[in-house]
There are 2 protein chains.
Amino acid sequence: MSQPFSCSHDQHDHCVDAALTAAERLCREQRLRLTPLRRKILTLIWQSHRPVGAYDLLEILQKEGRAAPPTVYRTLDFLLESGLVHRLATRNAYFGCTRPGQDHAGHVLICESCHVLAEIDSADVVRQIDASADAFGFEVRRQTVEVSGLCPRCRQEADHAC
Amino acid sequence: MSQPFSCSHDQHDHCVDAALTAAERLCREQRLRLTPLRRKILTLIWQSHRPVGAYDLLEILQKEGRAAPPTVYRTLDFLLESGLVHRLATRNAYFGCTRPGQDHAGHVLICESCHVLAEIDSADVVRQIDASADAFGFEVRRQTVEVSGLCPRCRQEADHAC
DNA sequence: AAGTAGTATGTTATAAAGTAACAGAAAGTT
DNA sequence: AACTTTCTGTTACTTTATAACATACTACTT
Ligand SMILES: [Zn+2]
Ligand SMILES: [Zn+2]
Ligand SMILES: [Zn+2]
Ligand SMILES: [Zn+2]
């Protein structure tokens, strides 16, 4: 599972495989059931380093038989609760977690141009936010941090286009 | 416009008045039109220090005559673009900006218990996020930071309840 | 003042995202 | 096998948001 910004997309199968292996391990350890449907959805989500909409997933499922929204959303609920995927609030979309099982906030960088997404895990950011909240007497339970902008690749292309 | 966490809600008219005055000034300076409808919606949003849903606003408008979603959403678009309100992505809701006209990221703390919301403006957090993104070669355009947890008031009550 | 361009609002219909409720199937337990 | 729990299918619906077009209002030009 290489870093999204540096993943050479012709070798991206590695990422999918790694994600599935990690998922299997996590489910074994936590006695969760990684059923065919759940594995399927997780695989679909990992097909790219981009967030995927619930109805995109549904559409794909429907090409291989009947399927309805609850099927997708229930599966997403499982994946979210088990920490295998995160939800991107600013886009109503879902993406695979790069560190399932590890305690982390799920902060992301997302490219406005190519939509590639990277989960960043900066302890400094987490601490700064905790400190800021603390100054207000606020008890932090969850930090949602979604940073949009330009990924390195698109940035370069923008430069070339001058 | 006192800090949300410390606003004594029986004197909250001050906040509404301050917000409207600030809005008038901003619209005058930027040659934007603060029409009756826009003023109305902005006032409704400022009735509390809590985020308000578009359909909540619609419902209120409908008590005083006909109204349809586009009316609300267009008005919200204006208020968002002029920087008079922000959107809370994690809750599909809208809240009044405490610093319209000033350049800032619109980071918020939101209480999971009473839903009171405070806009924080920590230059440290902004810088940390910029620095983290920079380490990836990522160019930041917008930071969405929404921190949920317990506000000081609800925290106290939780303590008393022991 | 009348004409006109631009902006704002009304109206109808529809899209997109998410959930409730119940039925049936599959997997685990005794 | 009988029972319990968990997972999936299905239908119907709620919530959030937008497209498209009609009308009204404003501000400026002549
Ligand atoms: Zn990859
Ligand atoms: Zn993660
Ligand atoms: Zn107040
Ligand atoms: Zn603000």
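Keep in mind it's a predicted model, so treat the numbers as computed, not measured. In what follows, chains carry the letters A, B, and so on, assigned in the order in which the sequence lines appear, proteins first and then strands, with residues in each chain numbered from 1.
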Rounded to the nearest Å, what distance is computed from the CG atom of residue Leu58(B) to the P atom of nucleotide dT12(C)? 14 Å
Collect all protein-nucleotide pairs involving nucleotides 9-16 of chain D in which both atoms are nitrogen or oxygen and the distance is under 3.5 Å.
{"residue": "dG9(D)", "atom": "OP2", "partner": "Thr71(A)", "partner atom": "OG1", "Å": "3.3"}
{"residue": "dG9(D)", "atom": "N7", "partner": "Arg74(A)", "partner atom": "NH2", "Å": "2.6"}
{"residue": "dG9(D)", "atom": "O6", "partner": "Arg74(A)", "partner atom": "NH1", "Å": "2.8"}

For nucleotides 24-30 of chain C, give me every protein contact, N/O to N/O, under 3.5 Å, one pair per line with atom names.
none

Check: Val147(B) main-chain N/O paired with Arg141(A) side-chain donor or acceptor under 3.5 Å: no
Taking CZ from Arg38(B) and P from dC25(D), how many angstroms apart are they, rounded to a whole number? 15 Å
Starting at atom CG of Leu57(A), determine the distance to atom P of dA16(C), rounded to an integer number of angstrom. 15 Å
Calculate the interatomic distance between Leu34(B) atom CG and dT7(C) atom P; express it in whole Å. 17 Å
Those residues that, when tested against Asp56(A), pass salt bridge (charged side-chain N to carboxylate O under 4.0 Å, His left out) (two or more places apart): none
Under a plain distance cut-off of 3.5 Å, with no hydrogens placed, do His115(B) and His49(B) share a side-chain donor-acceptor pair? no
Around atom CG of Asp10(A), are there more than 12 heavy atoms of other residues, nucleotides or ligands at under 6.0 Å? yes
Using 4.0 Å as the upper bound for N to carboxylate O, is an ion pair formed by Glu64(A) and Lys40(A)? yes
Expressed in angstrom and rounded to an integer, what is the separation of Asp77(A) atom CG from dT19(C) atom P? 7 Å
Under a 4.0 Å threshold between the charged nitrogen and the carboxylate oxygen, would Arg39(B) count as salt-bridged to Glu24(B)? yes
How long is the line joining CG of Leu42(B) and C1' of dA8(C), in whole Å? 17 Å
Length of the line joining Phe78(A):CZ and dC7(D):P, which is rounded to integer Å: 7 Å
Whole-Å distance, Leu79(A) CG to dC7(D) P, equals 12 Å
Taking the side chain as everything from C-beta on, heavy atoms only, tell me whether Thr90(B) gets closer than 4.5 Å to Thr90(A). no
Any Lys/Arg nitrogen of Asp124(A) or Arg127(A) sitting under 4.0 Å from an Asp/Glu carboxylate oxygen of the other? yes
In plain terms, say whether Glu119(B) and Arg99(B) are close enough for a salt bridge, that is, a side-chain N and a carboxylate O under 4.0 Å apart. no
